[in-house]
Amino acid sequence: MKAKFSGHDTFPLRYGWLYKAVNHMNSGHFLKTSKSEDVEKAVIELGVGKNMVNAIRYWSDCTGVIFDKVNKDPYVTELGNYIFGDFDRHQGKDRYLEQKGSIWLIHFLLNFEDEYLTSYRYFFNFSHVQSFEKEKYLFDFVEDAQRICQNDGITDKSLKKDLDCFLHTYCRKRKANSAKAIKIDEDHFSSPLAELSLINDNGNGFYTSPLREQQDLPIEIFIYAVARFMSLTIDLEDVNVETEELTIGFDTLLSNPFSPGRIFRLSEHGLGQKLDDAQLTTDGGLTWVDSRGLRQISCPMNLIKNPIQILNKYYGVE
């Protein structure tokens, strides 16, 4: 993986940013800040400063709602238009991220990326901790990032800033006013990902992130993630949609990098429950067995090739 520990200008993801980015680009504008004309339009249209334009571009690209790479023409992706809407075909299924499932989906998209390593992708795909002290965690993070990215010009300073931004994006910051009173800092409610409670700030640089059943994770979003993960193991162009299905091991789905178990912080019991619910939701299309030590999941190829169909079910699309 390549290192990507900058670009957000230390601004956590905020509500409204992804919709603003999609709407701005569908209006024929760009988020690049290399040209003064584009900068001026973005600052005026988005109502933010230049540094925030950079941050909006970063988070929109990293979540995959826009494609914006060096020396490539930028565009809004199919999922970007699906969630946030365009002017012709899509109204946008949840442009303001009002449904919890949409936030879970954005979380999955943000971390289901194996080209660039960031602090959040490292945590959700490679780290094994369920509780950590920030300074000690940073030390281990630097060592692992240098190994994963083959150094790639990584510095402690860049990783520390990226780690801070990641924690502010996922945590509801608790601010102590006194020894007896703890107040929620409203500034840290602006990130939708904090609503998932995947990481808890316990104060004094100590954080917890236990594996759970994740009962508020909608089953359709989970199934979508399973289908996307299983597609990583095959060449989709070489399979027969009519007759083929793909089988994968339970432990692979639970703990491999970029798996639903990893990204959603599911416990072993929680993954089993989700798979039970997935069988019911797909009328037996996605199945799993747990017998005599054999635990395997089978998924039909039509779902793996077209996972958007299960999102349609979540958003009530006929």
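- In this structure, Tyr116 is not a member of the same hydrophobic cluster as Phe141, with clusters built from ILVMFWY side-chain heavy atoms closer than 4.5 Å.
- Using a 3.5 Å distance cut-off with no hydrogens or angles, the side chains of Ser191 and Arg14 do not pair a donor with an acceptor.
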task = Determine, step by step, whether Glu268 and Leu211 satisfy the side-chain contact (heavy atoms from CB on, under 4.5 Å) criterion, reporting the C-alpha distance in whole Å, the side-chain angles of both residues, the deciding distance to 0.1 Å, and the verdict.
result = CA-CA 8 Å; Glu268 185 173 349; Leu211 304 180; over 6 Å; no

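- Across all non-hydrogen atoms, the minimal contact from Gly85 to Val22 is O-CG1, 3.4 Å.
- Taking both residues in full, the closest heavy atoms of Pro12 and Trp59 are given as C-NE1, 3.6 Å, listed atom of the first, atom of the second, then distance.
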key: Pair Asp68-Arg57, salt bridge (Lys or Arg N to Asp or Glu O under 4.0 Å): steps then yes or no   = CA-CA 8 Å; Asp68 194 350; Arg57 176 188 174 194; 2.9 Å; yes

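- For the residue pair Lys41 and His24, the shortest heavy atom distance occurs at O-CE1, 4.0 Å.
- Under the 4.5 Å side-chain heavy-atom criterion for ILVMFWY residues, no single connected hydrophobic cluster contains both Ile223 and Val289.
- Shortest non-hydrogen contact noted between Cys165 and Phe11 is SG-O, 3.5 Å.
- Hydrophobic cluster membership is shared by Tyr96 and Ile103, with clusters built from Ile, Leu, Val, Met, Phe, Trp and Tyr side chains linked at under 4.5 angstrom.
- Considering OG1 of Thr208 and CD1 of Ile199, their distance stands at 9.0 Å, rounded to 0.5 Å.
- Between Arg295 and Asp251 there is a salt bridge, with a side-chain nitrogen of the basic residue lying less than 4.0 Å from a carboxylate oxygen of the acidic one.
- Note: the hydrophobic cluster containing Leu266 also contains Ile248 (ILVMFWY, side chain heavy atoms under 4.5 Å, direct or indirect links).
- More than 12 heavy-atom neighbours from other residues, nucleotides or ligands sit within 6.0 angstrom of CD on Glu115.
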message = Between Leu286 and Ile297, is the side-chain contact (heavy atoms from CB on, under 4.5 Å) condition met? List the steps.
response = CA-CA 7 Å; Leu286 190 155; Ile297 298 93; 3.8 Å; yes

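- Ring geometry for Tyr19 against Phe84 counts as tilted: the plane angle lies between 30° and 60°, on a 0 to 90° scale.
- Interatomic distance, Asp290 CG to Leu275 CG, rounded to the nearest 0.5 Å: 10.0 Å.
- Relative to the ring axis of Tyr207, Lys134 does not place its NZ or CZ within 45° and under 6.0 Å from the centre.
- A distance of 7.5 Å separates CG of Leu13 from OG1 of Thr63, quoted to the nearest 0.5 Å.
- For the pair Ile66/Met25, a side-chain contact is recorded, criterion being any heavy-atom separation below 4.5 Å from C-beta on.
- Taking a 6.0 Å sphere around NZ of Lys100, one finds it holds more than 12 heavy atoms contributed by other residues, nucleotides or ligands.
- The environment of Phe139 atom CZ is sparse: at most 12 non-hydrogen atoms of other residues, nucleotides or ligands sit within 6.0 angstrom.
- Residues Ser102 and Asp94 approach most closely at OG-OD2, 2.6 Å, considering heavy atoms.
- In this structure, the side chain of Asp277 does not engage the main chain of Ile219 through any donor-acceptor pair within 3.5 Å.
- Comment: Lys160 does not engage Glu135 in a salt bridge, judged by the lack of any side-chain N to carboxylate O separation of less than 4.0 angstrom.
- Under 4.0 Å is where a charged nitrogen must lie from a carboxylate oxygen, and between Lys69 and Asp61 at least one such pair does.
- Thr247 and Ser298 share a donor-acceptor pair across their side chains, judged by distance under 3.5 Å alone.
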message = Using the rule given for side-chain contact (heavy atoms from CB on, under 4.5 Å), can you reason through Leu198 versus Gln214, listing the C-alpha separation, both sets of side-chain angles and the distance that settles it, and then say yes or no?
response = CA-CA 9 Å; Leu198 289 170; Gln214 309 298 12; 3.5 Å; yes

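- Between the side chains of Asp144 and Tyr122, at least one donor N or O lies within less than 3.5 Å of an accepting N or O.
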key: Working for salt bridge (Lys or Arg N to Asp or Glu O under 4.0 Å), residues Glu45 and Lys20   = CA-CA 9 Å; Glu45 293 291 329; Lys20 282 186 175 184; over 6 Å; no

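- With Ser255 contributing its side chain and Thr252 its backbone, the two residues share no donor-acceptor pair below 3.5 Å.
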request  = Check step by step if side-chain contact (heavy atoms from CB on, under 4.5 Å) holds for Tyr58 and Thr118.
outcome  = CA-CA 12 Å; Tyr58 169 91; Thr118 66; 3.9 Å; yes

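- Phe67 and Ile106 are assigned to two separate hydrophobic clusters, defined by single-linkage of ILVMFWY side chains at heavy-atom distances under 4.5 Å.
- Between the side chains of Asn81 and Asn26, at least one donor N or O lies within less than 3.5 Å of an accepting N or O.
- For the 3.5 Å distance criterion, the side chains of Asp164 and His168 fail to qualify, holding no donor opposite an acceptor.
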